[in-house]
K.L.:
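One structure coming up, written as structure tokens, with questions to follow.
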There are 2 protein chains.
Amino acid sequence: MPLALDPAAQDLLFREARTANTFTDEPVTEEQVQAIYDLVKYGPTAFNQSPLRVVLVRSAEGRERLVKHMAEGNRPKTASAPLVAILVADNEFHEELPALLPHFPQAKDMFFSERPVREQAAALNASLQAAYFLIGVRAAGLAAGPMTGYDAAGIEKEFLDGDHKVLMVVNIGKPGEDAWFARGPRLSYDEVVTTV
Amino acid sequence: MPLALDPAAQDLLFREARTANTFTDEPVTEEQVQAIYDLVKYGPTAFNQSPLRVVLVRSAEGRERLVKHMAEGNRPKTASAPLVAILVADNEFHEELPALLPHFPQAKDMFFSERPVREQAAALNASLQAAYFLIGVRAAGLAAGPMTGYDAAGIEKEFLDGDHKVLMVVNIGKPGEDAWFARGPRLSYDEVVTTV
């Protein structure tokens with residue numbers, strides 16, 4: 001047994017979990033999203049910088065404003081998923097850093113005084129947190145449908161300010177009929193891992 | 001119970017898991033790394049592009065070549081961890097795409113013929129896979145110590161070619177004495193999540 005994680009959990013999070021393209025009508029509750037966040041907030045980021053922000057699209061009007069910026073092939077599922085979340089990187093995350101890193105509050109000015117440095121750090125670390133979030137959706141027994149096919153500038157203008165960058169849009173819910181394609185192949189260990 | 005994932009698994013992967021700065025001498029076996037990869041390879045990426053590559057640093061000579069490019073504060077732990085992995089984004093991932101996406105092999109040329117587009121896609125999707133990898137290390141009952149404090153150009157020149165970009169360096173092993181600081185605070189749900 002090379003893994004300590006229970007096989008049922010392995011299946012739930014990775015082996016059986018799939019990107020869903022259709023969903024049932026069952027709503028995704030506020031309590032579920034809160035439980036997901038309260039689990040995945042512990043995932044590591046550099047300097048605990050925690051730059052991920054989430055916009056939950058719950059209103060019909062918000063949904064309409066989002067769908068028009070999605071790539072055509074992503075519109076029907078974005079329109080019909082029980083819940084849609086816009087995952088965002090906050091390029092001004094350094095403002096919270098003294099509170100997040102109380103033993104080293106100087107990090108804010110020592111490392112993150114320049115915007116291009118922050119943008120690079122936020123892109124990496126919010127992406128890590130986006131992955132934790134997808135795992136968290138699966139931990140809640142739900143399926144995630146992450147998408148990057150959209151007009152990013154359009155979404156940013158519609159929902160965000162100039163300090164926030166969209167990373168992905170995620171449909172969330174219980175998988176519906178014909179929810180996914182056949183599982184795509186994966187690269188083998190030897191294709192991915194080299195040893196020096 | 002808003003989460004389907006077993007509480008012990010929640011603890012193993014998120015709540016009790018911590019970024020380790022010291023490690024015991026217990027080796028990390030090839031079998032463990034293979035089991036980690038064979039679990040986390042199923043984590044989703046856009047178009048199944050799977051751009052993560054991993055360089056395992058196992059030889060004493062490789063370790064020496066790596067440590068000299070690390071930031072000073074990261075050198076002792078990088079020198080002493082049982083295993084160190086360099087996580088890398090492959091900017092030429094599109095070469096594998098027809099094999100990875102057999103139902104849509106045109107994606108390679110339709111979407112990824114331009115290098116800047118590939119670099120942006122690889123940065124996001126390899127970062128997602130880096131997060132899955134960190135979760136996988138924890139799933140193996142090991143601790144990860146991810147680091148971004150290093151001379152990236154130095155590591156790339158030392159270990160990679162011009163098509164690969166270093167994302168992070170990860171120490172891996174069983175946590176040793178005084179392995180971590182007190183857990184840093186996290187942003188609250190209301191600081192991270194807004195609803196429209």
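Below, chains carry the letters A, B, ... as their sequence lines are ordered, and counting in each starts from 1. Scope of the values below: all heavy atoms of this structure, side chains included, with no hydrogens, waters or symmetry mates. Quick caveat, the model's predicted, so the values are computed rather than measured.
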K.L.:
Who among A:Val88, A:Leu142, A:Val196, A:Asp90 has the most heavy-atom pairs with chain B under 4.5 Å?
P.N.:
A:Val196

K.L.:
Pick one of side chain, backbone, both or neither for A:Leu66, based on which atoms fall under 4.5 Å of a heavy atom in chain B.
P.N.:
neither

K.L.:
Got B:Tyr42 and A:Glu16 here, is their nearest side-chain heavy-atom distance under 4.5 Å?
P.N.:
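No, side chains not in contact.
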
K.L.:
Among A:Ala17, A:Ser59, A:Pro2, which residue has the highest count of heavy-atom pairs closer than 4.5 Å to chain B?
P.N.:
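Looking at each of A:Ala17, A:Ser59, A:Pro2 in turn, A:Pro2 comes out on top.
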
K.L.:
Report which part of B:Thr29 has an atom under 4.5 Å of a heavy atom belonging to chain A: side chain, backbone, both, or neither.
P.N.:
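Looking at B:Thr29, nothing touches chain A.
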
K.L.:
Within the distance-only criterion (no hydrogens, no angle test), does the side chain of A:Asp6 pair as donor or acceptor with the backbone N or O of B:Ala9 below 3.5 angstrom?
P.N.:
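Looks like no, no N/O pair under 3.5 Å.
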
K.L.:
Measuring heavy-atom distances to chain B, does A:Ser50 have an atom under 4.5 Å in its side chain, in its backbone, in both, or in neither?
P.N.:
both

K.L.:
Using side-chain heavy atoms (C-beta onward) and a distance below 4.5 Å, is B:Val54 in contact with A:Thr194?
P.N.:
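No. Closest side-chain heavy atoms not under 4.5 Å.
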
K.L.:
Who among B:Ala46, B:Ala85, B:Gly43, B:Gly136 has the most heavy-atom pairs with chain A under 4.5 Å?
P.N.:
B:Gly43

K.L.:
Consider only side-chain heavy atoms of I, L, V, M, F, W and Y, link residues closer than 4.5 Å, and tell whether B:Phe159 and B:Val169 are in one cluster.
P.N.:
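Yes: a chain of side-chain contacts under 4.5 Å links B:Phe159 to B:Val169.
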
K.L.:
With a 4.5 angstrom heavy-atom cut-off, which part of A:Leu134 approaches chain B: side chain, backbone, both or neither?
P.N.:
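Contact with chain B is through the side chain of A:Leu134 alone.
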
K.L.:
Give me the atom names and distance for the closest heavy-atom approach of B:Ala131 to A:Tyr132.
P.N.:
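Distance-wise, the nearest heavy atoms are CB-CE2, 3.6 Å.
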
K.L.:
Non-hydrogen atoms of chain B under 4.5 Å away: do they reach the side chain of A:Glu96, the backbone, both or neither?
P.N.:
side chain

K.L.:
Between B:Gly62, B:Ala123, B:Ala35, which shows the greatest number of heavy-atom pairs under 4.5 Å with chain A?
P.N.:
B:Ala35

K.L.:
With rounding to the nearest 0.5 Å, note down the distance linking CD1 in B:Ile36 to CG in A:Leu5.
P.N.:
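Output value for this atom pair is 11.5 Å.
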
K.L.:
What part of B:Met147 is in contact with chain A, defined as an atom under 4.5 angstrom from a non-hydrogen atom: side chain, backbone, both or neither?
P.N.:
neither

K.L.:
For chain A, which candidate among B:Arg18, B:Glu31, B:Gln34 shows the most heavy-atom pairs at distances under 4.5 Å?
P.N.:
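Max contact count across the listed options: B:Gln34.
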
K.L.:
On a heavy-atom basis, which atom in B:Ala130 and which in A:Leu128 lie closest, and how many Å separate them?
P.N.:
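That closest heavy-atom pairing would be CB-CD2, 4.2 Å.
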
K.L.:
For the interface with chain A, which of B:Val33, B:Leu56, B:Asp38 has the highest count of heavy-atom pairs at distances below 4.5 Å?
P.N.:
B:Leu56

K.L.:
Name the member of A:Arg183, A:Glu61, A:Arg63 that forms the most heavy-atom pairs with chain B at distances under 4.5 Å.
P.N.:
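Among A:Arg183, A:Glu61, A:Arg63, the one with the most close pairs to chain B is A:Arg183.
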
K.L.:
Going from CG on B:Leu100 to CG on A:Leu187, what distance comes out if it is rounded to the nearest 0.5 angstrom?
P.N.:
4.5 Å

K.L.:
Within the distance-only criterion (no hydrogens, no angle test), does the side chain of B:Asn48 pair as donor or acceptor with the backbone N or O of A:Pro185 below 3.5 angstrom?
P.N.:
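Checking the backbone N and O of A:Pro185 against the side chain of B:Asn48, a donor-acceptor pair under 3.5 Å is found.
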
K.L.:
Can you tell me which portion of B:Thr19 sits under 4.5 Å from chain A's heavy atoms? Options are side chain, backbone, both or neither.
P.N.:
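The answer is the side chain of B:Thr19.
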
K.L.:
Determine whether A:Val67 and A:Leu83 fall in the same hydrophobic cluster, where Ile, Leu, Val, Met, Phe, Trp and Tyr are linked whenever their side-chain heavy atoms lie under 4.5 Å apart.
P.N.:
no

K.L.:
What part of A:Ala99 lies closer than 4.5 angstrom to a heavy atom of chain B: side chain, backbone, both or neither?
P.N.:
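Interface part for A:Ala99: backbone (N, CA, C, O).
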
K.L.:
Without hydrogens or angle criteria, can the side chains of B:Tyr189 and A:Glu30 be said to hold a donor-acceptor pair below 3.5 Å?
P.N.:
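On atom types as modelled, these side chains qualify, holding a pair under 3.5 Å.
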
K.L.:
Does any part of the side chain of B:Thr148, heavy atoms only, come nearer than 4.5 Å to the side chain of A:Leu124, both counted from C-beta?
P.N.:
yes

K.L.:
For chain B, find which of A:Ala182, A:Pro146, A:Ala139, A:Gly141 contributes the most heavy-atom pairs closer than 4.5 angstrom.
P.N.:
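Most heavy-atom pairs within the cutoff with chain B belong to A:Ala139.
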
K.L.:
Treat each ILVMFWY residue as a node, draw an edge where side-chain heavy atoms are under 4.5 Å apart, and state whether B:Phe111 and A:Phe181 are in one component.
P.N.:
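Per the 4.5 Å side-chain linkage, B:Phe111 and A:Phe181 are not co-clustered.
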
K.L.:
Is the backbone N or O of B:Lys41 less than 3.5 Å from a side-chain atom of A:Arg186, with the two atoms forming a donor-acceptor pair by type?
P.N.:
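Checked: pair present.
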
K.L.:
Do you know which of A:Gly149, A:Ser188, A:Ala121, A:Ala126 has the most heavy-atom pairs with chain B at a distance under 4.5 angstrom?
P.N.:
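Winner by heavy-atom pair count: A:Ser188.
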
K.L.:
Which bit of A:Phe47 is near chain B, if near means a heavy-atom gap under 4.5 Å: side chain, backbone, both or neither?
P.N.:
neither

K.L.:
Between A:Arg53 and B:Val193, is there a donor-acceptor pair closer than 3.5 Å when you use the side chain of the first and the backbone of the second?
P.N.:
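Here the side-chain-to-backbone pair does not exist.
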
K.L.:
Quick one: pull up CG in A:Leu3 and CZ in B:Arg138 and give me the separation to the nearest 0.5 Å.
P.N.:
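Interatomic distance, A:Leu3 CG to B:Arg138 CZ, rounded to 0.5 Å: 15.0 Å.
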
K.L.:
Please find the pair of heavy atoms, one from A:Leu39 and one from B:Phe14, that lie closest to each other, and give the distance.
P.N.:
O-CB, 3.5 Å

